[in-house]
Each structure stands twice: as C-alpha cells, then as structure tokens.
Amino acid sequence: MKEKFGLHNLPEAPVTLETTLINKTGSWKNIQPVLQESTAPCTAACPAGIEIPLYFDMLIRGRFDEAAKILHESNPFPSITGRVCPHFCEQKCNRGYFDEAIGIRGIERYLGDLYLDKKWSPPDVTRDEKVAVVGSGPAGLSAAHFLRKKGYRVTVFERDQKLGGVLRYGIPDYRLPKDILDREIEALKREGIEFKTGVEVGKDISFEELKNSFDAVFFGTGAPLEREMRIPGEELFIKGVEFLKDVNTGKIKKFSGKVAVVGGGNVAMDVARSLLRLGATPVVLYRRTEKEMPAIREEVERAMEDGIEFKFLTLPVRAEKKNGKIELTNIKMKLGEPDETGRRRPIPIEGSEFTEEYDAVITAIGELADLSIFPEDLLNKKGWLDVDLRTTATKDDRVFAGGDLVLGPATVIEAIALGKRAAINIDRRINGLELKEFRPFEKVVEYKKIVLDYFMEEPRQKQPEVPVEERIRHFDVEEVGDYTPEQVQKEALRCFSCGHCNGCGTCWVFCPDMAIGWENDQPVFIYDYCKGCGICSAECPRDVIQMVQVRTF
Amino acid sequence: MSFWYNQVPMEENFNSGHLACQGCGATIAMRFALKALGTNTVVVIPACCWTIIDGAFPAHAIKVPLFHTAFETAAVVASGIKSGLRIRGKGDVTVMAWAGDGGTFDIGIQALSGAAERNEDIIYVVYDNEAYMNTGIQRSSATPYGAWTTTTPEKHPEDRPKKNIMEILAAHSIPYQATATIAYPEDFIRKFKKARDIRGTRFIHVLSPCPPGWKIPSDVSVKVSRLAVETRVFPLYEIEDYGEKYTINYWPKGLPVKEYLKIQGRFRHLTEDRIEYIQQFVDRQWEKLVLKHKLSHGTLDNIPKNVIYR
C-alpha cells in the first residue's frame, strides 16, 4: 500500500489498492498436502527392486542417458534380463487390472541394447582391498560389477573356459544370443574387472588359499548338478544341465529320435525346446499337472506352441535297455493335499504302470549346488551352505554367497539382486560397518489408489515374434524381436507411474488457491496460502500427494 | 511445464489469499478463465459468491480490473463498460460479466436478455453452483430436481427441473454459447479463448461445484464435476452460428446418474424411484441434444469418443 487512507482522506471511488496476498489463508487449514512418493508394485515385485516408474519418467522426457543410468543402478545386465526374465514386474503391474500390463521387459531390453556397447567410463580403483568372485554367472558378475563400482579391485574365477556360467551354458541361443552375453561381459572387462578362466576353486586353488589372498570372497557358483531320480536304470539317462552345456558349447549339433524329458522346470523346458530344434521329438513327462509346473509360464506356453507333447501326472519308475532303445516304465499319478510349496502333492496310482520306448531319456528334475569346496563349518545341519539371505553373509566373516548356490534353481534377476546385496555388504564388512539387511518395500501403491479417469484403455505394444513354424527350425534365431523407439515411447506413456511424481501437473492445474508452484517439473506447495481442500491429493492420478495433519497448538 | 496440460497457460492472473471456501469450484473456474483471456480484460461481478471471493477493501484477488455491481445488472453494466472502452479507443479489451446462477437464471435475466438481444460485445459467464450459495444455500431456478437447499428442505425438496438457460440464450440467436466445467481444463480454456476471439454476445455456462452447498467434501469438487459430464447430467457442448449449430464436444461414458447423485449430500434423501425419474429426464435431454448435433452436422461420427478429454 503506497498511501494510508483514513477517514480524513478517503479515496474518491472505492478502488482496491493491493492484492489478497496479504491474506495468509494457509491458517485456515488443519490438513495439508505433502509430496510423498511410495513404491510401485512393479518395483516391489522385482527381486532387484528396479525403479521402473523412475526410468520410464526419464524415457518419456527423452532423457535416455538418465533412464539407462537408473536402470543400470539396480540391474547391470538389462539386455540379458530383458530377454530371459520372467518379469515379476509385469505380473504385478497395476495397469494389468485396467487393460494390459506395461511391456516393461521389452523396454528394459530396448534400453539395455541401446547402451550395451557404450556403458559409462570405468570406475577408478579407490581401495586397496581386493575381492575375489567365484563363478561368472549372473550372481558373480553382478557382485563383481557393483564391487568394482565401489572402487575395489575385483578378480573373477571361472572354472570353464568361457565366462557367463548358466547364461552361456544353460540358456539356449534362441532365448539369449551369445553375442549379447559377450558384449555384456566386454563391458565388464572395460570396467577393469580381472577375469581368470579355467581356474577351479578346490582344484587349482584351495578355499583357504583364496580366502587368505583376498579381503573378501563372494561365491556364486550356481547349481550345476542334476538331481538324481533314484530309480533302477538311471545310468541310461542323460542329465539335463549336461545336455544343455553340450548343446551350448556346440558339442551336440544334431539329435534324433523320440526323447523323454523328465521334469517341469525351466531346464526341462529348455531341454525339450532345444531337442525339437536339433531334430528330435521330445515328450515332456511331469509328475504333476500344468498348473504346478515351476517353469516360467511363458516358457511353458511357448513349448506348447512349438507343438511339444506333454504327459502330465506321469512319473518314470524304472528303465531298461532293449534293442538299442530305452524301455521306460511310468506310473500314473493323482494330486493330493498341498505340500509346503503350496502345490498339490502327487500320489502314485497303484497298478497304473505302463511302458513306453524312447531313444533317449533326459532328466531335469531339479538342480543342486556343488558344496564340496566349502569347509564343514560353513554348512548347516542339513548340509546346506549357511547363508543369511537378507545380507548374503555366511558364518565366515570374509565369505559371502548368492545366486542359485543359495537359492536353488531360481531366476537371473534374483541372482543379480543377491550379487548386488553381497557387494553392498562386502563393502560394509570391509569398512567395519554393520551389515545392511534387505527389507521388502513397505508402502506399495494399490490399484484402487490410481485415479483411472486420467487414463484410457490402450492395447499393449507387441514385440515382433518369429512365427512358430519358422522358429522351431532354427536354434540361433531369437524368437522375440525388439520394440521400435516409437513403441517404447508409447509403452512408457501407458505407465501409471504408481507412486512416482512424473510431473503430469494435475495437482497444479486444479489448485483453487494457486498454492502449488511448479519447479523442476514437480509441484511445490505454498503452505502460506494452501487452505487444505485436498483436491491435489484426491486428483493425483498416481497417489503421490498425501494429506497430513497440521500441527495444532 | 506440466506435460499433460500443455494447453493450459502457465500465466497466472489470479492471486492466492482470496476468500473462497476450501475446494471452491468457482475459483478454479475463474483461474482457468483468466488464463485463457489474459490481462487485457475487465471483469464485471454482480452480487454473488465472487463478491466475497475477490476480497474485502482494500485487497483484490484477480490481476485485472473488477467492477462490483448490483445483482440484476451484470450484463448491462458490462455492455456499458464495453461501449465506454470502445469510445475511448480501447475496443480490444475483453469485457466479461461473471455472475452466479442467481444473478443469471433469476435476478439478472432481463438485463442478460436485453444485452443478448442487442448482441452486445460481451462475454457473459454464469458460474452455476445451483443455488444462492453466498446467502446460505437458497433455491434458485438453477437448482436441479430433487436437490436439498435450505428453502427446499428434505421433506419438500426441489420439485421443478433446472431451467435450461442454454436454450433460453439459443433463442436469442447469439454468436457463441458453450458449456464448460472445471474437471476439463483444456476444454474450458479452449472455449474461453474461442469466445474471446468472437465479437457479439458470448455466453458460457460453467458448472461449478460448491462443497458446502452440495454437501460434498472439499476434495471431490473436481470429481463431482467430472461425474456430471460422464453421467450426461451436464454435457459439454457448444452452440455456434447464432443458435443454429450444436456441437457435442465429448461423448460421455454414460455412467448411471446415481453415480453423480450418491456422492452429494444434497441428494441423499432421494429414493430409488426419484433417481430413476432423474435418470429418465437426463436421458431425454441427452437424446434431444444428440438429435440437435445430428441436425447440425449430419453425423454423430465427429463427436470425440473414448479419448482422454481433460
């Protein structure tokens, strides 16, 4: 106010002299909005906790570098998981209840491939301590990568001649081309990780020796042993993991005849589908039904599309060699009460035995870790490696372990997650800090919190696929193709961005009190004028704004 | 810039600290209107909520001149101001009369009718909160059938349908009319910009939810306004070419009217058969509107369906 008016000098006309900014209407409220991000269901479902809405947000804005950095922060090998991950994220995607889940894996793959050969400059060696990583599977590579990023000198020991572990010897080419794997490993070599191939711990170098020459050791030796069936004639069978290794190293180029594949897990699927592509006729024998199969659902569906025969509720009980063929006697099963895994237990039906002839039988009924290298005191009463999964620490202060070695046959992303967890805790142990326990995310955005009025139904973008009749004839042709950049953009825009503010502006646009400012693409609340109506919170499409009680005196 | 609302200007011609209730729809409406019209605007306000919202002497909330006038005179005072500005060579200034439903449907209708008939060069906006909210929620001729107000209590709720002001104005053959509501900011702002660039009397009917008067929590005023459109209670449409050309701007989802009624306390007493009666009334009105669109355009295919219409 420039001039004070009083009774003695009233203005000629009642004109206003200043703005309502003198009224601090913020004092009217008893609740006020705060920006409070919470976890999206995809992030919570991902074992590695990849912050999917965060990097999608960057993608939408065209900031690909930042998007890729966020992605690599939790997952150093998006090109690999973008192909083989069972996408727990998509299974829990809130958009799935609305129309179709977001094609997260396709986007991950696109972004991973885009940055495959141009990852960031190698981190400097800032620490004197050295860490050894045993096994170059996903867990080992992940641990090595994150330790290197923390500045340690890392040496990876691999017993085979080539790096990659299960990624190279377990996953067939049509799912994960070797070229992609090689380029991911090249990137790790550029980071300055030292690799020693053909060195087997327990044979070429002893456990004690390893422990004494390094400040910490991470074991990610996987589950390379096939479980035995314990039936007569088992010596006639081929072991699934060994078969896959022979196929992947090129030892086996052709296979013919009728082959029984025993088991319902991922190895069984890979074996059956590989056999088909090598020229054999596989038949999958599984003792429970399709519903109980532990394999990735997508792989089961693809195997069925391929035209592979499945015999459910069937268990081999003995085998005999006859005229160069294997005579396999099976028994029919029925499902009983659910067991500790929640799946219904198969019970043999007496007198239902039947005999079939096969040219070969391959077993894939579960894989086991090789624990012979570990000293007795690291094992628990059951004879397993004693590992705290929340920290990956073993009973030995300097020994950590992760991946299939501790989980049993699991997924690549779980191994990557444990590798990272180990890297964090090895760093903390070396620094003399208390280990950081992994905790699941607490506040996850529920579907009902999404304001659906801001979204319209839109079909999910499809990745190109090689037709079935074409794909079963090739071993090295990848069956699923890449998204185009336009598809990535469209798909990222479909994301609800649950719990993460992506700067849509809905709160800003509807504020009746002009009490929401806009800085760095995010709302800033001006509490002096906010009356606490709650429109911003109610309208926020992604549950980012919460109303909280104002302190009253 | 927020990426969803790129049609909403960042320009803010309205200050915080105004005296509206929490969650007031009329303030959101004014905010959008001034974003669209810009600062080269004069606003005329008769007795209505906005008399209070703008603030008491010596403060004033909006960043353009505002003229307070008597209840029945918004249209005529706006006409006078426009004539005066034109004579002084300032014919490019937009003059907007901004009146409540009381000052438009009931008390100001003769002045509005006169101005419209003379085709005065003004924008007349009715921000319709469906009763005399400022004086304590008394019934107006804009109060919908079945609604509670202090003068139509639950035992004797409003028993007459809402006056169809759009048709009354269409009968005056004015160049541009539109309906708008706060849940669709981009549509709202497009209509105000369009109105600004047309000469002659422009009439915009804005549905503006009132949390105390409608007995709704303050945070649902946008939602209720969206439901009004989606249930076809308040369709978004324009009438151009001097009352001739009807254009429906958005094909609503057609949710049951009950969805709109049940979240408002003022309709809480309604029985199923009364809701059904309202539903039938809304359906009939909608069918008529669709026919008018078809008559104007020869087709219904140009109505945007299944779009995110903000």
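The shown structure was predicted, so the numbers you read here are calculated from the model rather than taken from an experiment.
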key: Side chain proximity check, A:Asp453 to B:Arg226, heavy atoms < 4.5 angstrom   = yes
message = Within the supplied structure, the quantity of interest is the number of heavy atoms (other residues, nucleotides, ligands) at a distance under 6.0 Å from B:Lys258 NZ; does it exceed 12?
response = no
query = Would a 4.5 Å heavy-atom cut-off, applied to side chains only, mark B:Asn15 and A:Tyr529 as touching?
reply = no
query = Should B:Leu19 and A:Trp28 be marked as a side chain to side chain contact (heavy atoms under 4.5 Å, CB included) after you check the CA-CA gap, both sets of side-chain angles, and the distance that decides it?
reply = CA-CA 11 Å; B:Leu19 304 181; A:Trp28 299 10; 4.2 Å; yes
query = So, for B:Cys24 and A:Pro512, which heavy atoms are closest and what is the spacing to 0.1 Å?
reply = O-CB, 3.8 Å
key: Expected output: side-chain B:Gln22 to main-chain A:Lys531 donor-acceptor under 3.5 Å   = yes
ask   = Taking all non-hydrogen atoms of both residues, which atom of A:Ile22 and which atom of B:Ala59 are closest, and how far apart?
value = CD1-CB, 4.0 Å
ask   = Does the separation of the ring centres of A:Phe455 and B:Trp4 fall below 6.0 angstrom?
value = yes
request  = Name the region of B:Ile62, side chain, backbone, both or neither, that has any atom closer than 4.5 Å to a heavy atom of chain A.
outcome  = neither
request  = Apply side chain to side chain contact (heavy atoms under 4.5 Å, CB included) to the pair A:Glu539 and B:Lys223, showing each step before the final yes or no.
outcome  = CA-CA 8 Å; A:Glu539 290 302 312; B:Lys223 185 182 175 186; 3.8 Å; yes
ask   = Is there a donor-acceptor contact under 3.5 Å from the side chain of B:His18 to the main chain of A:Leu21?
value = no
key: Under 4.5 Å from a heavy atom of chain A, the part of B:Lys63 involved   = neither
task = Examine whether an atom of A:Cys511 lies under 4.5 Å from a heavy atom of chain B, and if so say whether it belongs to the side chain, the backbone or both; otherwise answer neither.
result = both
Min side-chain heavy-atom separation A:Ile535-B:Ser218 under 4.5 Å = no
request  = Return the minimal non-hydrogen interatomic distance between B:Pro185 and A:Val509, and the atom names on each side.
outcome  = CG-CG1, 3.9 Å
key: Flag if over 12 foreign heavy atoms under 6.0 Å of NZ, B:Lys253   = yes
query = Is the number of heavy atoms from other residues, nucleotides or ligands within 6.0 Å of NZ (A:Lys490) greater than 12?
reply = no
request  = Go through the atoms of A:Asn502 and report whether side chain, backbone, both or neither lie under 4.5 Å from a heavy atom of chain B.
outcome  = both
ask   = Which one, B:Glu230, B:Glu12, B:His68, B:His60, leads in non-hydrogen pairs under 4.5 Å with chain A?
value = B:His60
inquiry  = Under a 4.0 Å threshold between the charged nitrogen and the carboxylate oxygen, would B:Arg31 count as salt-bridged to A:Asp513?
reply    = no
ask   = A:Asn23: what forms a side-chain hydrogen bond (donor to acceptor under 3.5 Å, both in side chains) with it, not counting sequence neighbours?
value = none
task = Below 4.5 Å from any heavy atom of chain B, which atoms of A:Pro541 appear? Answer side chain, backbone, both or neither.
result = side chain
task = Assess whether atom NZ of A:Lys449 is packed by more than 12 heavy atoms of other residues, nucleotides or ligands within 6.0 Å.
result = no
query = Side chain, backbone, both or neither: which part of A:Leu493 has a heavy atom under 4.5 Å from chain B?
reply = side chain
ask   = How many angstroms lie between atom CE of A:Met514 and atom CG of B:Asn13, to the nearest 0.5 angstrom?
value = 10.0 Å
inquiry  = Just so I know, are the side chains of B:Asp219 and A:Ser537 near enough to count as touching, which here means a heavy-atom distance under 4.5 Å?
reply    = no
